[in-house]
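For reference, the structure is listed below as structure tokens.
Only heavy atoms go into these numbers, but all of them, side chains included; no hydrogens, no water, no symmetry mates. For the single chain, residues carry numbers from 1 onward in sequence order.
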Amino acid sequence: MSEFYCSDCKRNTEVVFDHAAGDAVCSECGLVLEARTIDETSEWRTFADDSGSNDPNRVGGPNNPLLGDGALTTVISRGPNGSNVDGSLARLQNRGGYPDRAIVIAFKTISTMADRLSLVTTIKDRASEIYKRLEDQKCTRGRNLEALVAACIYIACRQESKPRTVKEICSIVPGATKKEIGRAKEFIVKQLKVEMGESLEMGTIHAGDYLRRFCSNLGMSHEEVKAVQETVQRAGDFDIRRSPISIAAAIIFMVTQLAESKKPLRDISTATTVAEGTIKNAYKDLYPHAAKIIPEWYAKERDLKNLSSPKS
């Protein structure tokens with residue numbers, strides 16, 4: 001509470017503020033000393049309020065440290081019919097140019113792709129940071145923007161230990177092929193290696209990194225998911241020279257054969273983006289070790305006879 005001069009009490013008294021009505025009321029006689037006062041503090045509570053310091057922030061979008069102006073640039077908006085409210089102001093703004101225009105477009109593309117892949121904010125921010133480092137080297141001009149952005153997302157996913165396959169990313173990028181994304185990835189790795197003086201760390205991919213997403217896509221039960229995870233862990237003790245995603249798909253195929261609701265190979269191929277022939281080849285390598293890698297609580301040795309024998 002603060003003190004105001006009360007005309008009824010003829011002295012300074014403590015007042016109570018009614019924020020809902022905007023009134024300042026004398027605490028002793030109840031006289032309204034000010035009506036409809038304007039609250040000039042922030043519209044929201046921040047942790048700065050706890051320390052007693054004033055919060056200078058009022059409204060506006062969040063700052064982006066990757067942009068030169070912190071993403072606080074003024075943009076001349078358009079009217080309801082798509083026309084500029086003031087054509088002269090728009091022409092002056094376009095004439096002055098916007099040095100971060102290209103990178104803003106790239107960041108929006110990254111955000112759109114990340115949302116379509118249901119990626120978390122940390123991956124989105126890491127992909128934006130990678131693209132900003134490329135932009136600082138002035139090496140993005142003349143290259144396929146969508147392929148570069150897709151490659152940045154691929155690398156960011158691997159660095160955050162949430163890998164996505166190139167096929168998964170390619171499925172939401174209409175303007176780039178799988179080969180173009182692969183070339184863009186190699187280009188980024190090469191450029192950042194020159195910048196840092198060392199190889200870009202992208203993290204190691206394991207078969208278990210894909211399991212939860214693939215099992216969710218197939219609608220598998222909790223028991224089946226647990227069995228698949230244990231099987232993948234045990235399979236790591238054997239020398240299976242296949243890609244992690246192929247091993248993951250083959251083990252899902254193996255475990256679902258022992259379940260009541262068997263999953264067709266076609267459905268597993270669609271959910272994992274691995275070709276049916278590739279799954280069969282990986283399954284052929286895993287089949288001799290089935291008794292050792294499939295947990296006993298899920299399937300007894302006699303149940304393993306239900307596994308289809310791989311064709312030689």
Side-chain angles (χ1 to χ4, degrees), residues 61-62 64-69 71 73 75 77-78 82 90 93-94 97-195 200 202-203 205 209-210 213-214 216-217 243-246 249 269-276 278:
N64 189 341
L66 297 178
L67 297 177
D69 54 12
T73 303
V75 179
S77 63
R78 296 183 175 274
Q93 185 185 47
N94 293 332
Y98 181 32
D100 290 334
R101 184 186 302 276
I103 197 170
V104 167
I105 294 174
F107 286 172
K108 288 182 179 179
T109 307
I110 288 175
S111 180
T112 301
M113 291 184 182
D115 290 342
R116 294 185 64 183
L117 288 169
S118 301
L119 300 178
V120 295
T121 305
T122 52
I123 296 178
K124 189 188 306 183
D125 294 342
R126 179 63 65 91
S128 299
E129 180 184 343
I130 293 172
Y131 187 88
K132 180 61 165 60
R133 290 164 65 182
L134 291 175
E135 188 71 24
D136 290 342
Q137 295 185 31
K138 309 295 183 184
C139 60
T140 59
R141 185 181 297 274
R143 295 190 174 272
N144 187 335
L145 174 63
E146 291 191 337
L148 279 178
V149 166
C152 290
I153 291 177
Y154 174 82
I155 295 173
C157 288
R158 289 191 56 173
Q159 290 182 336
E160 294 295 328
S161 300
K162 302 291 182 183
R164 292 292 191 275
T165 64
V166 177
K167 282 186 178 180
E168 285 181 288
I169 296 177
C170 187
S171 65
I172 55 98
V173 183
T177 63
K178 181 181 175 181
K179 184 178 293 186
E180 288 175 328
I181 296 174
R183 288 175 179 171
K185 185 200 74 172
E186 297 299 329
F187 169 76
I188 293 172
V189 172
K190 181 180 178 181
Q191 289 298 130
L192 297 186
K193 181 179 180 180
V194 172
E195 177 195 6
L200 178 66
M202 289 200 297
I205 298 179
D209 296 334
Y210 300 103
R213 190 167 70 258
F214 290 166
S216 176
N217 293 340
S243 67
I245 188 173
S246 302
S269 175
T270 302
T272 61
T273 68
V274 180
E276 294 183 25
T278 304

Apply side chain to side chain contact (heavy atoms under 4.5 Å, CB included) to Leu134 and Cys152, showing your working. CA-CA 10 Å; Leu134 291 175; Cys152 290; 4.2 Å; yes
Note: Ala150 and Val173 closest approach over all heavy atoms is CB-CG2, 3.9 Å
Hey, are the side chains of Tyr154 and Val166 touching, using non-hydrogen atoms and a 4.5 Å cut-off? yes
Donor-acceptor pair, side chain of Thr112 and main chain of Lys108, under 3.5 angstrom: yes
Is there a side chain to side chain contact (heavy atoms under 4.5 Å, CB included) between Arg126 and Glu129 once you walk through the steps? CA-CA 5 Å; Arg126 179 63 65 91; Glu129 180 184 343; 4.2 Å; yes
Using side-chain heavy atoms (C-beta onward) and a distance below 4.5 Å, is Val149 in contact with Met113? yes
In Å, rounded to the nearest 0.5 Å, how long is the span from CD1 of Ile110 to NZ of Lys132? 12.0 Å
What's the verdict on side chain to side chain contact (heavy atoms under 4.5 Å, CB included) for Asn144 and Leu148, showing C-alpha distance, side-chain angles and the deciding distance? CA-CA 6 Å; Asn144 187 335; Leu148 279 178; over 6 Å; no
Between Ser246 and Thr278, which heavy-atom pair has the shortest distance, and what is it? OG-CG2, 3.3 Å
Could you check Lys162 against Val120 for side chain to side chain contact (heavy atoms under 4.5 Å, CB included), going step by step and ending with a plain yes or no? CA-CA 10 Å; Lys162 302 291 182 183; Val120 295; 5.7 Å; no
Do Thr273 and Ile245 have side-chain heavy atoms sitting under 4.5 Å apart? yes
With heavy-atom distances below 4.5 Å as the criterion, would you say the side chains of Tyr131 and Leu145 are in contact? yes
Step through the shown structure and confirm whether more than 12 heavy atoms of other residues, nucleotides or ligands are within 6.0 Å of CZ on Arg183. no
Under the side-chain hydrogen bond (donor to acceptor under 3.5 Å, both in side chains) rule, what pairs show up with a residue in residues 113-125, not counting sequence neighbours? Asp115-Lys124
Do Ile188 and Arg133 have side-chain heavy atoms sitting under 4.5 Å apart? no
Value rounded to 0.5 Å, distance of SG in Cys170 from NZ in Lys178: 8.0 Å
Do the side chain of Glu180 and the main chain of Ala147 share a donor and acceptor less than 3.5 angstrom apart? no
Nearest non-hydrogen partners of Cys139 and Phe187, listed with the distance: O-CZ, 3.5 Å
With rounding to the nearest 0.5 angstrom, report the CD1 to CG distance, Ile130 to Leu192. 7.0 Å
Are any of the side-chain heavy atoms of Arg164 and Leu119 separated by less than 4.5 Å? yes
